[in-house]
Enquirer: 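Quick one: structure below, then a few questions.
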Amino acid sequence: MNNTRSPLIFNVLAECTTTKARTAQMILPHGKVDTPVFMPVGTQGTMKGLLSEQMENLGLQIILANTYHLGTKPGVEILEKAGGLHQFMNWNRALLTDSGGFQMVSLLKLAEITEEGVKFQTLNDHKSEIVLTPEHSIEIQNAIGADIIMQLDDVVKTTSPDEARITEAMYRTTRWLDRCLKAHKKPDEQNIFPIVQGTLNAELRTKSAKAHMERDVRGFAIGGLSGGESKDDFWKMVHLSTDILPKNKPRYLMGVGFAVDLVVCCALGVDMFDCVFPTRTARFGCALVMTGQLNLKQKKYKKDFSPIDEDCDCSTCKTYTRAYLHHIVTIHSTACHLLSTHNLAFQVRLMKNIQDSITNGNFPEFVIKFMSDLYPNKNYPSWIIDSLAAVNIKL
Amino acid sequence: MKFSVNNTVKCGPRLGLLKEIEKHPNMSLETPMAMLYTRGGSIPHITNEVFKLVSHESQIIQIPLVSTYNFEDAMNDFQGDIADFVGMKECISCVTVQDPADYTQPGHHFQNCIPLWTRQGKVLINAKLYMNSIEAFKPDMYYLLSDSDTNIASSVKRTSNAVSNTISYFKECMERHEKSKVLKNSFVMGTIAGGYCFKSRKDCIDAVCSNDIVGGYLIDGLHNNGPEVELQKAEELKPIVKYVIEKLPQEKLRAIHGCWNPVTVLELVQLGIDLFDTSYCYILTERSCALTFSLDVEDKNDQYELNLRQQQYADDFQPILSGCTCLTCSKYSRGYIHHLVTVQELLGPLLLTIHNVHHYLKFFEKIRECIRNGTLSQLQEKITSQFNAYQEIITKKQTLVNVSKLKENNKDSDVSNQTPRTDNSSITEEDATEDSDAFDNDIIKETQNDTRTTVMETINKTEVKSIS
Ligand SMILES: [Zn+2]
Ligand SMILES: [Zn+2]
């Protein structure tokens, strides 16, 4: 294909003068994405019972889908016949897919990682062995057709003490990156993001980032975090990674979605996030609010006729009371849809507030206000104090 | 609210109009029509946002008390009526006792009260408790409490008990209704009980039809609700329904509940029934089927319904029904819906509901048009032949499946309609969905199986699943 335009243009619109935060517009083949952005996870080619019309109403500009699930069902053949996932699911805005490796390692306890790829035993009757190679992951992701796709990486548990294994994984991830880039069939339409690995080892993480920066790529993911490590370790690794990664390309921190983490990591210079949390917690009857979350199953909401959040203008808050939601959460599927809608609206609003405050030059004030709303007694966890201090915000 | 009807024939198809609705003065509704079936106050899978995307006409929502009984306490303090509470204030609310899509367990009769099998367990309600709920809900329409626990197999003793219970509920409820300030504007519907016993029906009609305040009647006690009603033969019903209709005051609204198939609906319309419900769409959606029967006698399509679970739809990117103007058909394909239902994603039943309810409401639109033109019989002929052909195919496939199962016990067959199976590709469902949808799946399964597990049990199950 003779496409002269890059499939990813990243225009930084404003930078915070105190912290590393920035706001940008990322232009992808399927539309514009304002960053910092939270990307909700629509695992199997659908966003938890929301129509694409509703996702557009929410202002979502990009969503994530899981390669492992989609490669299993409906599979590459159907996706290709359908003309890709955008067409298949009737979503005309941007998509991002993961590589499938993480899902495999976390879902299938039988997975074994070799230089070739991630090997696992299928759980059907045949007990055959299947290997997900970097090439195979890209083949599936090419069939899905997301605007941003992920390299297959060698995932090690963040808290693993095995230095040799962490080192091996870090180097292997770079080798697999090269195999992914080579196997990529649609470089003019889809962007491969490399994943910076190295768990909690600063030296390895630096090496990983620098090696990946030598490749011809248009953005970077920070991987191997948010996996059970302490918050102190977590923020330091994010801080380190964003210090190294180039300023003119987007940085995607994988698996992060709690409001407080989003605010801190934006301050540390991250542009993109994803997490299943907002939609998952919705299924258990929890609604996100600026001061934390409400568990609507609790008796105290039985006669609470206010909306989840007076300040939220989502369709759920405009129409439904906490009391009605209390009566139907975890019983009727409609309740899942209603809470997913609100929770996604919450994430969108939070990110919009972050973007606006960066644009208006008052991001540090926004952060301070956000934290004092969340911790009215000012009993801030030390990792928040430290991480914000690292970017010149004093709580 | 007022009901008026155009027809002077005692027992025949008729056009009617519901209007002067206090809360919605500009609204009027034409009959025959179907009320929108709800569960826990919501159309299954459909939020108000989606409802507004797909519906632009006036609708009645049918609110079974059995799935909303626990709202009463909150409703007593709530400033508004049940339609406001469930987030459907654009609709007219109609409270009914039992859930037409759920099998109502028979038995458990007590003097002066009936059992409601709610999620929280069995609740015995009498006329006083029932009217407490109604006063708390303040619906635009409601049915009086009745003993509907009868079916074609009921004994004469049961039907006559059902009638005497219903008569005493009628008296007590009406006494309360007439005194009630909050129900001053509610349209009240009497219920005719008595199973398939002519004498019982007559006794009931004689006792309840002298009241002028009652705006219409529900012919109740024909079945115990649930999916089996779909296959009940119209011939079994017709004599008793006809008998009742002939005795009912002609100018009043007549309703029947249940997931009747469209062929039976047409038979009932021919007898002069005005009001139905969309519970049929719900049971169809639950088994992943889409309605495609013809609404035009010239239509070349002869497929009565599609089972979207079938493998043949995996790479079929056409809409469910070409020419259908619903949101589902205009934007989403059979292949996508097939994918969603096989991986048990909630969007699957949502898209099916949009299409099925749309098609079913179009069906009623067509019925009214045919009554107007005097062409109802042609429509009936067309749909009946499609329905019968489809039932034949299902039966054949079922037999085939049974035979092949006998022959080769282990080999799966691909033709099963009624017992959908999921494909075993390299990874099984549980593993593939553990990350995302264990809980969603439980909700779907749970409604399908009509089990009455509590919320906690559901969650525990999920947890067990993710640990193991
Ligand atoms: Zn909201
Ligand atoms: Zn349709």
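What's counted below: heavy atoms across the whole structure, side chains too, no hydrogens, waters or symmetry copies. So you know, we letter chains A, B, ... as the sequences are listed, proteins then strands, and number each from 1.
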Enquirer: Heavy-atom pairs under 4.5 Å with chain A - which of Leu327(B), Asp73(B), Leu351(B), Leu350(B) has more of them than the others?
Expert: Asp73(B)
Enquirer: So which part of Leu50(A) gets closer than 4.5 Å to some heavy atom of chain B, the side chain, the backbone, both or neither?
Expert: backbone
Enquirer: Checking heavy atoms, do the side chain of Thr316(A), its backbone, both or neither come under 4.5 Å from chain B?
Expert: neither
Enquirer: When you compare the side chains of Thr97(A) and Gln141(A), does any donor N or O come within less than 3.5 Å of an acceptor on the partner?
Expert: yes
Enquirer: Identify which part of Leu51(A) has an atom lying under 4.5 Å from any heavy atom of chain B, answering side chain, backbone, both or neither.
Expert: both
Enquirer: Stepwise, does the salt bridge (Lys or Arg N to Asp or Glu O under 4.0 Å) test hold for Lys331(B) with Glu53(A)?
Expert: CA-CA 10 Å; Lys331(B) 301 245 174 102; Glu53(A) 287 79 359; 2.8 Å; yes
Enquirer: What part of Ser315(A) gets closer than 4.5 Å to chain B, counting heavy atoms only: side chain, backbone, both or neither?
Expert: side chain
Enquirer: Of the backbone (N, CA, C, O) and the side chain (C-beta and beyond), which part of Asn76(B) lies under 4.5 Å from a heavy atom of chain A, both, or neither?
Expert: neither
Enquirer: Which bit of Tyr336(B) is near chain A, if near means a heavy-atom gap under 4.5 Å: side chain, backbone, both or neither?
Expert: both
Enquirer: Taking side chain as everything from C-beta outward and backbone as N, CA, C, O, which of these in Phe78(B) sits under 4.5 Å from a heavy atom of chain A? Side chain, backbone, both or neither.
Expert: both
Enquirer: What part of Thr321(A) gets closer than 4.5 Å to chain B, counting heavy atoms only: side chain, backbone, both or neither?
Expert: side chain
Enquirer: Dump the intermediate steps for salt bridge (Lys or Arg N to Asp or Glu O under 4.0 Å) on Lys81(A) and Asp315(B), then the final yes or no.
Expert: CA-CA 7 Å; Lys81(A) 273 195 200 170; Asp315(B) 60 352; 2.5 Å; yes
Enquirer: Would the number of heavy atoms belonging to other residues, nucleotides or ligands and lying under 6.0 Å from CZ of Phe102(A) be above 12?
Expert: no
Enquirer: Tell me, yes or no, whether the heavy-atom count around Lys89(B) atom NZ, taken from other residues, nucleotides or ligands under 6.0 Å, exceeds 12.
Expert: no
Enquirer: Sort Leu70(A) into side chain, backbone, both or neither according to what part of it lies under 4.5 angstrom from a heavy atom of chain B.
Expert: side chain
Enquirer: Let me know if Asn57(A) has heavy atoms under 4.5 Å from chain B in its side chain, its backbone, both or neither.
Expert: side chain
Enquirer: According to the interplanar angle, ranging from 0 to 90°, do the rings of Tyr37(B) and Tyr282(B) count as parallel (below 30°), tilted (30 to 60°) or perpendicular (above 60°)?
Expert: tilted
Enquirer: Using the ring centroid of each side chain, check whether His339(B) and Phe88(A) are separated by less than 6.0 Å.
Expert: yes
Enquirer: Whether the side chain of Lys138(B) engages the backbone of Ala136(B) through a donor-acceptor N/O pair (distance < 3.5 Å, no angle test) should be reported.
Expert: yes
Enquirer: In terms of heavy-atom pairs under 4.5 Å with chain B, which of Gly83(A), Gly49(A), Gly45(A) leads?
Expert: Gly49(A)
Enquirer: Side chain, backbone, both or neither: which part of Tyr324(A) has an atom under 4.5 Å from a heavy atom of chain B?
Expert: both
Enquirer: Taking the six-membered ring where the residue is Trp, are the ring centres of Phe38(A) and Phe273(A) under 6.0 Å apart?
Expert: no
Enquirer: Go through the atoms of Leu340(B) and report whether side chain, backbone, both or neither lie under 4.5 Å from a heavy atom of chain A.
Expert: side chain
